[in-house]
Amino acid sequence: MQLPNSQLLDFPGGGLTANPDGLVKFAWQNGVELDLGTARLNEFDEASGLAGKLRRHGSEDGLSGQVELETILPFGSEFVCVRQFDVASGRVLATCDVAPRGPGRIRRAELEPLTLRGDWRSVAVDGAEIAAGTAWQSDRPFRRLIAVDPSGFRLEIGIGDDLWRWSPEGSQGEYTIAVEAGCVTVRRKVLDFGEIEETELAKRPYRFQWYAAWRDAAGAAAPCGTVYDWSDQAAEACLKAAPTQRLLRKAVRQSPQSLSCAWGADADCDDPSHLERPGRGPMPHRDLLERTRFHLWANRQLQRRGMDFRWCNPAPAGVLEEVLTVPAVPGVAVPE
């Protein structure tokens with residue numbers, strides 16, 4: 001698979017380009033790079049596949065842009081891998097959908113390896129430092145990886161909201177973060193059903209979401225000002241709950257001024273009705289990326305009226321949470 005060697009999307013401080021040695025590359029003006037390699041499905045490497053659709057889109061207000069890539073593996077059951085990168089200032093939300101077109105099943109899947117290139121001063125996974133020359137390994141996905149360079153620039157990688165998707169029943173995961181001089185390599189084997197009989201495997205697609213967020217050392221949260229505390233009015237703190245979404249959207253639409261919303265409770269939830277699957281058993285999820293999407297939507301609504309939106313979070317747990325404490329800024333565009 002070979003994408004056109006071109007700039008796919010510009011964003012404040014950097015851009016997204018095709019990666020001749022893999023899939024795509026995020027590059028910042030300070031020299032930091034995030035390289036995405038190619039995924040593996042069963043015994044097939046995405047590098048041997050065929051490039052399908054490539055779509056790029058930038059919003060008129062410059063607050064966001066989207067790149068969609070498709071790879072077809074024309075072997076056996078003809079697997080398809082579709083990725084979508086939703087980019088805004090300080091973050092990208094990545095979605096990877098994999099599915100068989102033929103009668104086969106997905107037995108093993110490894111997402112694109114990630115290589116963080118930079119002069120990293122410190123690297124931590126879920127709050128624990130990883131020393132240079134060592135590696136972190138687990139059969140469970142990590143929540144948050146943060147790398148910091150000498151200038152204070154921080155790059156964070158984390159998993160998406162649907163925690164239940166990262167641990168399918170009967171599957172074994174394998175996650176590795178290796179720290180070396182000048183680079184951090186992340187490998188994520190998300191599916192491995194071992195020797196389970198083919199007939200016992202479900203013929204189904206899989207979706208995995210993850211994110212990257214970045215922030216300069218100079219970046220600091222502005223004072224919140226008057227804060228809208230919605231926790232007393234919302235029956236549920238999870239932003240994936242439809243009534244909570246309606247409550248906050250109404251507040252944005254009716255606000256006569258720039259709006260700061262209290263961050264509120266930050267905890268995992270397992271209510272399947274939040275995922276439009278009532279009646280199912282517990283489905284563990286969180287709402288970090290939902291808050292991120294809401295942040296972009298609210299800024300889009302308010303900036304049309306000369307105002308803006310931010311989450312008021314006095315103690316952000318990571319880079320993405322900190323990014324959400326300032327308004328979204330324009331500058332995302334599809335290059336000419």
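- By the SG-distance test at 2.5 Å, a disulfide connects C224 to C312.
- In this structure a side-chain-to-backbone donor-acceptor pair under 3.5 Å is present from N42 to R107.
- With rounding to the nearest 0.5 angstrom, the SG atom of C81 is 7.5 Å from the CG atom of L73.
- Shown here for K203 and G104, the closest heavy-atom pair between the two residues is CG-O, 3.8 Å.
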Verdict with reasoning, R300 to D61, per side chain to side chain contact (heavy atoms under 4.5 Å, CB included) = CA-CA 8 Å; R300 184 160 281 145; D61 56 19; 2.7 Å; yes
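- Counting heavy atoms from C-beta outward, S89 and V332 have side chains that stay 4.5 Å or more apart.
- The nearest pair of heavy atoms linking P100 to I106 is CD-CD1, 4.0 Å.
- Side-chain contact between W120 and E180 is absent, with no heavy-atom pair separated by less than 4.5 Å.
- In terms of heavy-atom proximity, G90 sits nearest to V323 at O-CG2, 3.8 Å.
- Note: F85 and W210 have perpendicular aromatic rings, judged against thresholds of 30 and 60 degrees for the angle between ring planes.
- W311 carries R291 over the face of its six-membered ring, with the cationic atom under 6.0 Å from the centre and within 45° of the normal.
- With hydrogens and angles disregarded, a donor-acceptor distance shorter than 3.5 Å links the side chain of T292 to the backbone of L288.
- Cation-pi geometry between R249 and W297 is met: the NZ or CZ atom falls under 6.0 Å from the ring centre, inside 45° of the normal.
- With hydrogens and angles ignored, the 3.5 Å screen pairs a side-chain donor or acceptor of D229 with a backbone N or O of S231.
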Using the side chain to side chain donor-acceptor pair (under 3.5 Å) rule, take E46 and T71 through it: C-alpha gap first, then chi angles, then the decisive distance, then the call.
-> CA-CA 7 Å; E46 186 181 11; T71 306; 2.8 Å; yes
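- Ring-plane geometry between W214 and F26 is classed as tilted, the angle between the planes lying from 30 to 60 degrees on a 0 to 90 degree scale.
- A side chain to side chain donor-acceptor pair (under 3.5 Å) with Q245 is found for exactly one of E290, K250, H274, namely E290.
- No more than 12 heavy-atom neighbours from other residues, nucleotides or ligands sit within 6.0 angstrom of CZ on R187.
- You'll find the side chain of V148 reaches within 4.5 Å of the side chain of S122, heavy atoms only.
- Using a cutoff of 4.0 Å between basic side-chain nitrogens and carboxylate oxygens, R121 and D149 are not scored as salt-bridged.
- With hydrophobic clusters built from ILVMFWY side chains whose heavy atoms lie under 4.5 angstrom apart, I146 does not share a cluster with I159.
- For the pair R140 and F142, the cation does not sit on the ring face, since its NZ or CZ is not both under 6.0 Å from the ring centre and inside 45° of the axis.
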Would you sort out whether W263 and E321 count as a side chain to side chain contact (heavy atoms under 4.5 Å, CB included), showing the intermediate values?
-> CA-CA 9 Å; W263 184 257; E321 290 189 16; 3.8 Å; yes
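- A donor-acceptor pair under 3.5 Å links the side-chain atoms of D287 to the main chain of L239, judged by distance alone.
- One hydrophobic cluster, built from ILVMFWY side chains closer than 4.5 Å, cannot hold both I157 and V319; they sit in different ones.
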Salt bridge (Lys or Arg N to Asp or Glu O under 4.0 Å) evaluation trace for R117 with D35 = CA-CA 8 Å; R117 302 191 188 278; D35 295 353; 2.7 Å; yes
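- At least one side-chain heavy atom of V32 sits less than 4.5 Å from a side-chain heavy atom of L155.
- A continuous path of hydrophobic side-chain contacts links L36 to V92 [ILVMFWY only; heavy atoms under 4.5 Å].
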CA sep, side-chain torsions, deciding dist, call: T95, Q84, side chain to side chain donor-acceptor pair (under 3.5 Å) | CA-CA 5 Å; T95 302; Q84 182 172 301; 5.5 Å; no
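- One distance of note links CZ of R91 with CG of L320; it measures 7.5 Å at 0.5 Å rounding.
- Under a 3.5 Å cut-off, the side chain of T244 and the backbone N or O of E236 do form a donor-acceptor pair.
- No side-chain donor-acceptor contact under 3.5 Å links D308 and Q303.
- With a 4.5 Å cut-off on side-chain heavy atoms, E110 and V190 do not count as touching.
- Residues L54 and E70 are not in side-chain contact: their nearest non-hydrogen atoms beyond the backbone lie 4.5 Å or more apart.
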Check step by step if side chain to side chain contact (heavy atoms under 4.5 Å, CB included) holds for K53 and L69.
-> CA-CA 6 Å; K53 300 173 184 175; L69 309 171; over 6 Å; no
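- Rounded to the nearest 0.5 Å, atoms CD (E112) and CG (N19) are 11.5 Å apart.
- Not a single donor-acceptor pair under 3.5 Å links the side chain of W28 to the backbone N or O of E33.
- A124 approaches G127 most closely through the heavy-atom pair CB-C, 4.4 Å.
- Between V186 and R188, the shortest heavy-atom distance links the atoms CG1-CG, 3.9 Å.
- We find that E322 and R215 are joined by a salt bridge, their nearest charged nitrogen and carboxylate oxygen being less than 4.0 Å apart.
- Interatomic distance, H285 NE2 to C269 SG, rounded to the nearest 0.5 Å: 3.5 Å.
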R286/C238 under side chain to side chain contact (heavy atoms under 4.5 Å, CB included): CA gap, chis, key distance, verdict | CA-CA 7 Å; R286 59 178 179 174; C238 179; over 6 Å; no
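- Between L259 and L302, some side-chain heavy-atom pair lies under the 4.5 Å cut-off.
- With respect to the salt-bridge test (charged N to carboxylate O, under 4.0 angstrom), the residues R144 and D126 do not qualify.
- Remark: the backbone N or O of S255 is paired with a side-chain donor or acceptor of R305 at under 3.5 angstrom.
- Remark: D45 engages R40 in a salt bridge, criterion side-chain N to carboxylate O under 4.0 Å.
- When hydrophobic clusters are built by joining Ile, Leu, Val, Met, Phe, Trp and Tyr residues whose side-chain heavy atoms come closer than 4.5 Å, directly or via intermediates, F208 is grouped together with L34.
- The number of heavy-atom neighbours closer than 6.0 Å to CD of E43, taken from other residues, nucleotides and ligands shown, is above 12.
- With hydrogens and angles disregarded, a donor-acceptor distance shorter than 3.5 Å links the side chain of N299 to the backbone of F309.
- The distance from atom CG of D139 to atom OG of S171, rounded to the nearest 0.5 Å, is 10.5 Å.
- Within the 4.5 Å cutoff, side-chain heavy atoms of P150 are placed close to those of D119.
- To the nearest 0.5 Å, the span separating CG on L16 from CG on L8 amounts to 5.0 Å.
- Ring geometry for Y175 against W166 counts as tilted: the plane angle lies between 30° and 60°, on a 0 to 90° scale.
- By the rule that hydrophobic residues join a cluster once side-chain heavy atoms approach within less than 4.5 Å of another member, L324 and Y228 end up as members of one cluster.
- The side chain to side chain donor-acceptor pair (under 3.5 Å) test with E68 singles out one residue from R56, R83, H57, R55, and that residue is R55.
- Taking all atoms of both residues into account, the shortest heavy-atom contact from F193 to P168 is CZ-CB, 4.3 Å.
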